[in-house]
Protein chains: 2
Amino acid sequence: MPEQPDGRRDDLAAMLGPLVQVLVAAEQPVLAEHDLSMWGYAVLCGLGDEPVRTQAALAQAIGADKTRIIGVLDTLQERGLIEREPDPADRRARLLRLTGEGRRLRDDVQRSIQQGEQRWLGRLPADERAVFLRALARLSRLAREDLDRSR
Amino acid sequence: MPEQPDGRRDDLAAMLGPLVQVLVAAEQPVLAEHDLSMWGYAVLCGLGDEPVRTQAALAQAIGADKTRIIGVLDTLQERGLIEREPDPADRRARLLRLTGEGRRLRDDVQRSIQQGEQRWLGRLPADERAVFLRALARLSRLAREDLDRSR
DNA sequence: TATTGTTATACTCTATAACTATA
DNA sequence: TATAGTTATAGAGTATAACAATA
């Protein structure tokens, strides 16, 4: 699909909006199947493979308010998907890490989601798709750096 | 910026989120300068260059609830940026169109916004940027078609 | 006195349902 | 009876401010 005939284009945000909307909608059934909220999944992804030293740091990493994720952490902990213990060196802080089961669940869900994304990415020619993903990854990283600076 | 070393990548939604956030944040000062809300701007863009036959159709086109835009239309009309008159052929409906001033304002704002976007797009090599924009336009169109079908 | 986590509250945004006017 | 537009209301999601524990 070429640009509009006169070379004009929609604003980036106007193009990204609908795309985000269908992608988020497509994630819902997968998340529901595993009893995860969007924020629950974001936490599992945000924890990565090394422990995180404070809840506030985790919240910032996933773009949430620190108060926003407390209930989420409660639930994940009750389900044995994460561990949350006071830092012995500073008992105000909570050390956070994935359990084995948490990691497994995260990987399962991520596999399903990225498989679903093929419905969209598959509509792009392979070479264009690779460039798109590389460019998106770069822009996303720059955007995150910018957000981190302004917080 | 290459993919992650192991070839894995973040979910599309996870990459798009921060990008949308900084783009929307960057639009705010421009909109404020012209006393426009985000929805107000969306309406000006949604009206395009031909009249729209009903408010509901306009709302759907910009992804809003029909009740959502009523106050927005009131304000735009008071400012002389749009015209809103009962359709003579069916007086339940309202014919909507941009005034000359509305079109001018829309074009001014859009120019500013797309100029601001260069801060991000400019970080991509020119050839990669062109491919990214083409791919994004295509995915966005597919997403919009999908959303329209499910409404 | 400052920081981490927590709770309660208030605020914003949005959708839902009920109403009017036309058809 | 059905549709376009409007209004009022309720709900979801979010941030803000106050508080307890620890440093």
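As a basis for the values below, the full set of heavy atoms in this structure was taken, side chains included, without hydrogen atoms, waters or symmetry mates. In what follows, chains are A, B, ... by sequence order, proteins preceding strands, each numbered from 1.
- Using a 4.0 Å cut-off between a side-chain N of Lys or Arg and a carboxylate O of Asp or Glu, B:E117 and A:R9 qualify as a salt bridge.
- Within the structure, a side-chain polar atom (N or O) of A:R68 is placed less than 4.0 Å from OP1 or OP2 of D:dT14.
- Distance A:L95 CG to C:dT4 C1': 12 Å, rounded to the nearest Å.
- The neighbour count for B:R123 CZ, taken as heavy atoms of other residues, nucleotides or ligands under 6.0 Å away, does not exceed 12.
- Distances shorter than 4.0 Å separate none of the side-chain N or O atoms of A:W39 from OP1 or OP2 on D:dG13.
- One atom, CD of A:Q60, and another, P of C:dG5, lie 13 Å apart when rounded to the nearest Å.
- Within the 4.0 angstrom heavy-atom criterion, no nucleotide atom of any strand lies near B:R53.
- Under the 4.0 Å criterion applied to side-chain N and carboxylate O atoms, A:R79 and A:D35 are not assigned as salt-bridge partners.
- With rounding to the nearest 0.5 Å, the separation of CG in A:L95 from CG in A:D87 is 4.0 Å.
- Checked for salt-bridge contact, A:R111 and A:D108 meet the test: a charged N lies under 4.0 Å from a carboxylate O.
- Between A:M38 atom CE and D:dA12 atom P there is a gap of 16 Å when expressed in whole angstrom units.
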Q | Test side chain to side chain donor-acceptor pair (under 3.5 Å) applied to B:R84 and B:Q77, step by step | A | CA-CA 7 Å; B:R84 174 163 59 160; B:Q77 187 179 17; 3.2 Å; yes
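- At a threshold of 4.0 Å, the pair B:R97-B:E50 does not count as salt-bridged, since none of the basic side-chain nitrogens sits closer than that to a carboxylate oxygen.
- Residue whose closest nucleotide on DNA chain D sits further toward the 5' end, between B:A56 and A:G63: B:A56.
- Annotation: A:Q118, atom CD; neighbour count of heavy atoms from other residues, nucleotides and ligands within 6.0 Å is above 12.
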Short N/O separations, protein against nucleotides 16-20 of chain C, under 3.5 angstrom:
residue, atom, partner, partner atom, Å
C:dT16, O4, B:T67, OG1, 3.3

Look for any protein N or O under 3.5 Å of an N or O in nucleotides 21-23 of chain D and output each such pair with its distance, or none.
residue, atom, partner, partner atom, Å
D:dA23, OP1, A:R91, N, 2.9

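- Residues B:D146 and A:R119 are paired through a salt bridge, judged by an N-O separation under 4.0 Å between the basic side chain and the carboxylate.
- Rounded to whole Å, atom C1' of C:dT6 lies 14 Å from atom CD of A:Q77.
- Between the CD1 atom of B:I70 and the C1' atom of D:dG5 there is a distance of 6 Å, given to the nearest Å.
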